[in-house]
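Scroll down for the structure; my scribbles are underneath it.
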Amino acid sequence: MPKTKFQAQLDDVENLLSLAESITLRDPALSYLPYRPTPSPLLAGAVVLLCARFEEFIKDVIRYALERHNYAAPPITLWDLPQELQIRLISKNLTTALEGKRYGIQRQAGDRIAEGLTAANHVISGMIHAEYAIETGGNPGPETVKALMQLVGLKDPWKEITENFNANYKTPLLPSLAGIDVGKLEERLRQLLNSRNVVAHSGASIPVSSNEIRFDVHFMSQLSISIYEVLKKHVQEFASTAGRTPGHWNA
């Protein structure tokens with residue numbers, strides 16, 4: 001499930017940070033190395049991996065939220081959604097399925113037709129589907145998070161995410177992280193993505209410590225939980241209002 005999967009994937013980032021710290025402190029386990037390597041590449045890799053895992057999470061959780069409509073009793077169809085949301089899902093799916101280029105690469109006519117027909121058949125069947133519309137463009141920043149959550153019907157998702165985050169935020173257990181301030185959620189996420197872009201597009205070193213990245217791991221963990229809970233609340237309330245028994249949500 002998206003929340004559990006993401007929390008487990010954060011362990012990979014933590015492991016990279018621990019390795020970077022071991023190199024910095026010249027852990028006895030690394031005594032065989034003939035010189036003291038720099039932890040900078042590992043820190044850069046941790047930032048890139050953290051952002052990639054979050055990108056995967058936001059796609060997974062939006063897909064999962066929309067799928068919950070199919071598990072309501074009786075199921076919720078595309079035509080049960082507000083008209084504005086119907087139009088948003090239909091137009092995004094068809095436009096993306098038929099686009100001439102994807103990631104800057106020209107697409108074959110046969111692929112465009114096949115995906116377009118698949119998307120059209122989903123519409124005809126009344127299936128709530130956003131496989132083609134769930135796209136981050138490689139940049140899972142605050143604007144992308146907002147746009148994807150709007151596919152589920154949340155008009156102002158960051159307001160609700162922030163309220164949930166502030167009400168349920170848990171401070172880090174590590175004393176070295178306790179004094180770091182989260183600040184505005186969108187800006188914190190934007191800064192993390194900017195650091196990723198510096199590494200990915202220029203190859204430059206990022207002027208951040210393992211402590212700061214470790215705090216970002218904690219922040220992203222808490223943020224993902226709030227995103228999940230906001231989506232769950234919205235989807236379940238919609239089902240109840242529509243006279244359905246909401247579909248079950250796993251972690």
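Here the structure is a predicted model, which means the values were calculated and not measured.
- Taking 4.5 Å as the limit, every side-chain heavy atom of Phe54 sits out of range of all side-chain heavy atoms of Leu192.
- The cluster map of Ile, Leu, Val, Met, Phe, Trp and Tyr, joined by side-chain heavy atoms under 4.5 Å apart, puts Leu174 and Val13 in the same cluster.
- Listed for the Ser210 side chain is no donor-acceptor partner under 3.5 Å among the backbone atoms of Leu17.
- Using modelled atom types, one finds no donor on one side chain facing an acceptor on the other under 3.5 Å when comparing Asn121 with Thr118.
- The cluster map of Ile, Leu, Val, Met, Phe, Trp and Tyr, joined by side-chain heavy atoms under 4.5 Å apart, puts Tyr71 and Val235 in different clusters.
- Judged purely by atom type and a 3.5 angstrom limit, Ser91 uses its side chain to pair as donor or acceptor with the backbone of Arg88.
- Two different hydrophobic clusters hold Tyr64 and Met127 under the rule that ILVMFWY side chains link at heavy-atom gaps under 4.5 Å.
- Around CD of Gln108, the count of heavy atoms belonging to other residues, nucleotides or ligands within 6.0 Å does not exceed 12.
- The number of heavy atoms from other shown groups lying within 6.0 Å of NZ (Lys92) does not exceed 12.
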Problem set entry | Lys233 and Glu229: CA distance, side-chain angles, deciding distance, side-chain contact (heavy atoms from CB on, under 4.5 Å) verdict | CA-CA 6 Å; Lys233 178 175 180 288; Glu229 292 301 328; over 6 Å; no

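- Checking side-chain atoms of Arg107 against main-chain N and O of Arg102 turns up no donor-acceptor pair under 3.5 Å.
- Between His122 and Tyr132, the ring center distance fails the sub-6.0 Å criterion.
- A donor-acceptor pair under 3.5 Å is absent between the side-chain atoms of Arg196 and the main chain of Leu49, judged by distance alone.
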Residue pair Leu223, Ile161: steps toward the side-chain contact (heavy atoms from CB on, under 4.5 Å) verdict: CA-CA 8 Å; Leu223 177 63; Ile161 293 169; 3.8 Å; yes

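- Using modelled atom types, one side-chain atom of His234 and one backbone atom of Val152 make a donor-acceptor pair closer than 3.5 Å.
- Annotation for Glu67: atom CD counts as buried by contact number, over 12 foreign heavy atoms lying within 6.0 Å.
- Taking the side chain as every heavy atom from C-beta outward, Gln222 and Lys170 approach each other to under 4.5 Å.
- Counting only distance, with no hydrogens or angles, the side chain of Arg112 and the backbone of Leu98 share a donor-acceptor pair below 3.5 Å.
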Legend entry - Candidate pair Arg63 and Glu131, rule salt bridge (Lys or Arg N to Asp or Glu O under 4.0 Å), full reasoning: CA-CA 7 Å; Arg63 186 179 296 109; Glu131 184 65 30; 3.0 Å; yes

Stepwise, does the side chain to side chain donor-acceptor pair (under 3.5 Å) test hold for Thr77 with Asp80? CA-CA 5 Å; Thr77 70; Asp80 295 316; 3.1 Å; yes

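- Looking at Arg53, Gln7, Lys3 one by one, the single match for side chain to side chain donor-acceptor pair (under 3.5 Å) with Ser224 turns out to be Gln7.
- Checking side-chain atoms of Trp158 against main-chain N and O of Pro142 turns up a donor-acceptor pair under 3.5 Å.
- No chain of hydrophobic side-chain contacts below 4.5 Å, direct or via other Ile, Leu, Val, Met, Phe, Trp or Tyr residues, connects Met220 to Ile225.
- Residues Ile87 and Ile62 do not share a hydrophobic cluster, clusters being chains of Ile/Leu/Val/Met/Phe/Trp/Tyr side chains in contact below 4.5 Å.
- Panel note: side chain Asn164, backbone Glu160; no donor-acceptor pair is recorded below 3.5 Å.
- Atoms CD and CG, from Glu135 and Asn93 in turn, are 12.0 Å apart once rounded to the nearest 0.5 Å.
- Formation of a donor-acceptor pair under 3.5 Å by the Glu55 side chain with backbone atoms of Pro140 is not found in this model.
- Using a cutoff of 4.0 Å between basic side-chain nitrogens and carboxylate oxygens, Lys232 and Glu237 are not scored as salt-bridged.
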